[in-house]
S.K.: 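Could you have a look at this structure, given as structure tokens, before my questions?
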Amino acid sequence: MSATGGPSSPSRRAELVANLAAVRQRIERACAASGRSPDELTVVVVSKKFPVSDLRLLADLGVTDIGENRDQEAGPKVRELRDPGAGTGSGPGEGRGTGSDLAPPPLTVHFVGQLQTNKAGSVVGYADVIHAVDRPRLVTALETAAARARRRPKVLVQVSLDGPGRGGVRPAEAPALASQIATSAHLELSGVMGVAPLGGDPDAAFARLRTVAHGIQEQFEGATWISAGMSGDLEAAISNAATHLRVGTAILGSRPSLR
Ligand SMILES: *Cc1c(COP(=O)(O)O)cnc(C)c1O
């Protein structure tokens with residue numbers, strides 16, 4: 001992270017422009033290497049621990065999808081982003097109501113973190129996509145919350161690619177969980193998500209995820225998404241049919257340890 005300037009300083013903007021361009025170039029190269037088109041990929045910029053000012057800059061630079069991993073942080077940030085007039089942190093002239101302001105472009109909000117059942121109600125209130133769904137009780141809680149909120153979030157089955165540790169259902173259990181989601185009236189089964197094992201081979205891990213994804217797609221044709229790949233392994237994800245990349249550090253810099 002750059003230490004220069006304030007949160008929305010010109011230098012921060014320039015840094016984000018350069019980082020976005022570098023990531024786009026990596027995506028283009030990886031796509032060329034596997035005969036894919038970059039149009040097939042959505043970059044979810046994981047903005048955890050970074051301020052709302054960065055999210056505004058990213059939206060201004062054409063980013064359409066953002067990801068968060070903790071409800072306590074994500075809820076207030078998304079509320080401030082979507083309704084700047086209601087928050088406390090907005091500066092003069094940033095609120096709504098001048099009449100000439102263009103509406104901010106709609107941002108798709110992805111919840112990418114491990115989700116506790118008792119946070120389902122809160123997360124369903126603002127997340128458009130929930131990535132890490134990995135157990136029947138969580139599906140039940142999300143369905144109840146979504147029905148109550150009259151929402152219908154997209155949901156991905158998190159598949160464990162490294163045994164226990166980083167969450168996810170075992171590959172053999174993924175189809176049953178997908179089926180439970182698909183039959184939940186207020187949840188839209190959109191596909192699968194995986195996190196490569198720390199220190200392992202991301203290519204082998206994402207190849208396993210692809211196999212699980214295709215098995216689920218045979219039964220549920222709408223389940224076309226494969227959320228895989230982060231800053232360090234997005235090339236391996238692209239060569240294994242990923243549709244969504246979750247990129248934090250490579251775009252925003254190292255996460256601040258203090259918030
Ligand atoms: C933080 C996070 C990311 C982004 O990781 P980077 O290595 O910073 O790109 C992706 N996925 C999940 C689930 C995360 O929590």
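One-based numbering, in listed order, for ligands and for the atoms of each.
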S.K.: Which atoms of ligand 1 sit under 4.0 Å from any heavy atom of V247?
M.R.: 9 (O)
S.K.: Does T144 reach the main-chain N or O of T140 with its side chain, forming a donor-acceptor pair under 3.5 Å?
M.R.: yes
S.K.: Check each atom of ligand 1 against the heavy atoms of R246 and keep those under 4.0 Å away; list them by number with element.
M.R.: 4 (C), 9 (O), 10 (C), 11 (N), 12 (C), 13 (C)
S.K.: Whether the side chain of R151 engages the backbone of A145 through a donor-acceptor N/O pair (distance < 3.5 Å, no angle test) should be reported.
M.R.: no
S.K.: For ligand 1, is there an N or O atom under 3.5 Å from any N or O atom of M230?
M.R.: no
S.K.: At under 4.0 Å between heavy atoms, which part of R255 makes contact with ligand 1: side chain, backbone, both or neither?
M.R.: side chain
S.K.: Taking only heavy atoms of T249 into account, list the atoms of ligand 1 that are under 4.0 Å away from them.
M.R.: 6 (P), 7 (O), 8 (O), 9 (O)
S.K.: Same cluster or not: are V129 and V78 linked, directly or through other Ile, Leu, Val, Met, Phe, Trp or Tyr residues, by side-chain heavy atoms under 4.5 angstrom apart?
M.R.: no
S.K.: Under 3.5 Å, side chain of S9 to main-chain N/O of R12, donor-acceptor pair present?
M.R.: yes
S.K.: Is the backbone N or O of S227 less than 3.5 Å from a side-chain atom of R246, with the two atoms forming a donor-acceptor pair by type?
M.R.: yes
S.K.: Please write down residue, atom name and distance for the protein heavy atom closest to atom 9 (O) of ligand 1.
M.R.: S231 OG, 2.5 Å
S.K.: Out of D233, V112, I251, who is nearest to atom 13 (C) of ligand 1 when you count heavy atoms only?
M.R.: V112
S.K.: Between H244 and W225, what is the ring plane arrangement, given parallel below 30°, perpendicular above 60°, and tilted in between?
M.R.: parallel
S.K.: Examine the proximity of ligand 1 to V46 and report which part, side chain or backbone, both or neither, has a heavy atom under 4.0 Å away.
M.R.: side chain
S.K.: So which protein heavy atom does atom 2 (C) of ligand 1 come closest to, and at what separation?
M.R.: K48 NZ, 2.6 Å
S.K.: Ignoring hydrogens and geometry, is there a side-chain-to-backbone donor-acceptor pair from E143 to H186 under 3.5 Å?
M.R.: yes
